[in-house]
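For reference, the structure is listed below as structure tokens.
Remember, predicted model here, so these are calculated numbers, not experimental data.
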Amino acid sequence: MSTGMKNLVRTLDSVDFLKMDRRTFMKAVGLMGASAFLGTYKADIVKALELAETKLVWLHGSECTGCSESLLNAGNPDILQALQKLNVNLVFHETICAQQGIWNDGKLVNTPELNSELLLEETYKEGNYFLVVEGSIPNGPNGSGRYLVIGNKTFKETLGEAAKNAIAVIAVGACACWGGITSADSDVAKDTDYRGVAFAKTDKNKGMLQELGIDKPVINIPGCPAHPDWILLTLGAVILGKIKLDDIPKVVDEFGRPKVFYPPDHTVHENCPRRGYYDRGEFDVEVGGEKCLWKLGCKAPYSHADCGIRRWNGSVSMCTQAGGPCIACVEPGWPDIARPLYVEREDVGIAGTNIDTIAKGAVVGAAVVAGVHAVRRMKGE
């Protein structure tokens with residue numbers, strides 16, 4: 001070992017590894033070589049990994065906070081267990097964080113503990129965090145983003161600042177994924193111009209990150225709301241490195257949804273607890289019955305999610321089981337692609353429905369499934 005290296009090792013030997021900043025760490029690893037560094041600091045590295053903390057920043061755009069409520073209703077693990085097991089520091093979440101305010105006793109508070117704006121700015125500067133976005137992002141009017149202003153800053157600006165230094169972005173809920181209900185066709189939709197993080201409805205070229213010129217890995221967890229398992233398991237997989245950033249394109253579909261939860265070759269219809277009624281041609285025509293909900297506008301044959309297997313509320317129920325027709329809330333472009341929500345669409349033909357314009361490759365499989373069953377039902381099989 002050279003004299004310079006010995007001096008470096010001697011110097012570093014007196015340094016508390018856990019207090020070593022990232023720059024010094026990388027410099028030390030580079031100069032000493034990974035093997036020498038690992039040999040010198042093996043015990044400390046193990047301790048550091050045990051204490052390693054993943055930062056999570058959770059922002060709310062235009063939304064109802066339903067996805068956060070869904071997350072808070074998680075059962076096994078619940079959110080506290082998940083955060084502890086994953087050693088996550090939930091740095092910022094407007095609903096869960098302790099009460100903060102810019103003003104205290106009439107004076108401006110300038111500590112990050114009491115001023116969420118300062119807290120976020122410091123977190124952005126430090127970087128190395130995962131960003132979760134719940135809710136859509138208004139681009140209107142005229143690209144200003146002024147339809148959602150928090151702390152005299154547009155949410156569009158806040159998203160840009162947060163996304164620039166994030167490791168990756170997880171869009172939670174239909175609003176953050178595609179624009180959701182806020183982007184539904186209306187007389188004001190063009191002016192408000194609500195968008196998702198990486199998509200605007202089904203258009204991947206009009207997501208807000210593209211609008212801001214930011215290139216970051218994005219995983220979409222759609223749903224209205226998203227299932228807590230989908231959120232926690234995806235976060236867990238990313239945080240634990242089970243999904244590496246370079247591998248994200250391999251584990252998601254063309255709309256950025258994890259295929260394990262939103263399988264392209266599987267629909268909600270296939271494992272619906274009312275499926276047997278469909279196969280026998282027994283349908284409810286009024287709400288409150290126990291038969292198949294197809295004639296009440298159920299979109300389960302077009303919806304790619306594992307709701308029928310995973311189920312909700314502690315795995316005991318799901319929308320169709322509780323009597324609510326599936327509204328395809330996990331599909332890109334929702335809700336417009338599923339409207340009218342409670343009207344049977346078989347009368348206009350599966351290929352002619354609006355929903356067929358989305359996820360064409362995936363919907364072909366669903367259409368085939370639905371078509372096969374429709375034929376069987378007409379034959380009385």
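- The closest side-chain heavy-atom distance from Gln321 to Arg274 is not below 4.5 Å.
- With contacts defined as side-chain heavy-atom distances shorter than 4.5 Å, the pair Val260/Val251 does not qualify.
- With hydrogens and angles disregarded, no donor-acceptor distance shorter than 3.5 Å links the side chain of His227 to the backbone of Ser70.
- No hydrogens or angles considered: a donor-acceptor pair under 3.5 Å links the side chains of Asn271 and His266.
- With contacts defined as side-chain heavy-atom distances shorter than 4.5 Å, the pair Leu86/Thr54 does not qualify.
- Using a 4.5 Å heavy-atom threshold, the side chains of Ile221 and Pro258 count as touching.
- Note that the CD1 atom of Ile137 and the OG atom of Ser183 stand 10.5 Å from one another [nearest 0.5 Å].
- With hydrogens and angles disregarded, a donor-acceptor distance shorter than 3.5 Å links the side chain of Glu134 to the backbone of Cys67.
- When all heavy atoms of Leu232 and Ala82 are compared, the pair lying nearest together is CD2-CB, 3.8 Å.
- Note: His60 and His93 have perpendicular aromatic rings, judged against thresholds of 30 and 60 degrees for the angle between ring planes.
- At least one donor-acceptor pair under 3.5 Å links the side chain of Lys216 to the backbone N or O of Lys164.
- Side chains of Thr182 and Ser62: no donor on one and acceptor on the other come within 3.5 Å.
- Side-chain atoms of Glu211 never come within 3.5 Å of backbone atoms of Lys206 as a donor-acceptor pair (strictly under, hydrogens ignored).
- We find the CG-OH distance between Leu56 and Tyr129 to be 11.0 Å, quoted to the nearest 0.5 Å.
- Judged by distance alone, with hydrogens and angles left aside, the side-chain atoms of Trp230 form no donor-acceptor pair with the main-chain N or O of Pro222 at under 3.5 Å.
- Leu71 and Val132 fall within a single hydrophobic cluster, where Ile, Leu, Val, Met, Phe, Trp and Tyr are joined by side-chain heavy atoms under 4.5 Å apart, directly or via other members.
- When hydrophobic clusters are built by joining Ile, Leu, Val, Met, Phe, Trp and Tyr residues whose side-chain heavy atoms come closer than 4.5 Å, directly or via intermediates, Val133 is grouped together with Met208.
- One hydrophobic cluster holds both Val238 and Ile167 under the rule that ILVMFWY side chains link at heavy-atom gaps under 4.5 Å.
- For the residue pair Pro325 and Gly323, the shortest heavy atom distance occurs at CD-O, 3.6 Å.
- Closest approach of Pro225 and Gly66 over heavy atoms only: CB-O, 3.6 Å.
- A distance of 10.5 Å separates CD1 in Ile239 from OG1 in Thr234, rounded to the nearest 0.5 Å.
- Asp185 CG: more than 12 foreign heavy atoms inside a 6.0 Å radius.
- Between Met318 and Pro273, the shortest heavy-atom distance links the atoms SD-CD, 3.5 Å.
- For the pair Thr320 and Cys326, the minimum side-chain heavy-atom distance is below 4.5 Å.
- Of the inter-residue distances, the one linking Ile231 atom CD1 with Trp58 atom CH2 reads 5.0 Å to the nearest 0.5 angstrom.
- Counting only residues at least two apart or on different chains, no salt bridge (charged side-chain N to carboxylate O under 4.0 Å, His left out) pair has a member in residues 143-152.
- Using a 4.5 Å cut-off on side-chain heavy atoms (C-beta onward), Phe261 and Val330 make no contact.
- Residues Ala328 and Ile337 share a closest heavy-atom pair of O-CD1, 4.4 Å.
- A donor-acceptor contact shorter than 3.5 Å links the side chain of Glu270 to the backbone of Thr267.
- Residues Pro301 and Trp294 form a side-chain contact, since some pair of their non-hydrogen atoms from C-beta on lies under 4.5 Å apart.
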Quiz item: How far apart are the C-alpha atoms of Leu120 and Val57, what are their side-chain angles, what is the distance that settles it, and do they pass the side-chain contact (heavy atoms from CB on, under 4.5 Å) test?
Solution: CA-CA 8 Å; Leu120 283 175; Val57 174; 4.0 Å; yes
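- We find the OG-CD distance between Ser68 and Glu94 to be 9.0 Å, quoted to the nearest 0.5 Å.
- Distance check: Glu63 CD to Ile181 CD1 gives 11.5 Å after rounding to the nearest 0.5 Å.
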Quiz item: Given the rule in the side-chain contact (heavy atoms from CB on, under 4.5 Å) test, do Ile150 and Thr158 qualify, once you have shown the distances and angles that lead to the verdict?
Solution: CA-CA 9 Å; Ile150 304 173; Thr158 298; 5.9 Å; no
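- Side-chain contact annotation: Trp312 with Asn73, donor-acceptor N/O pair under 3.5 Å absent.
- When the options Lys201, Arg339, Arg257 are evaluated for a salt bridge (charged side-chain N to carboxylate O under 4.0 Å, His left out) with Glu331, the one that passes is Arg257.
- The main-chain N or O of Thr123 is never found under 3.5 Å from a side-chain atom of Glu126 such that the two would form a donor-acceptor pair.
- Not one N or O on the side chain of Asp284 forms a donor-acceptor pair closer than 3.5 Å with the backbone of Leu296.
- Checked by atom type and distance alone, the side chain of Asp253 never pairs as donor or acceptor with a backbone atom of Lys259 at under 3.5 Å.
- The closest side-chain heavy-atom distance from Lys299 to Ile327 is not below 4.5 Å.
- Minimum heavy-atom separation, Arg310 to Leu233: NH1-CD1, 3.9 Å.
- A side-chain donor-acceptor contact under 3.5 Å links Lys156 and Asn139.
- Looking only at distances, a side-chain donor or acceptor of Lys55 sits under 3.5 Å from a matching main-chain atom of Gly127.
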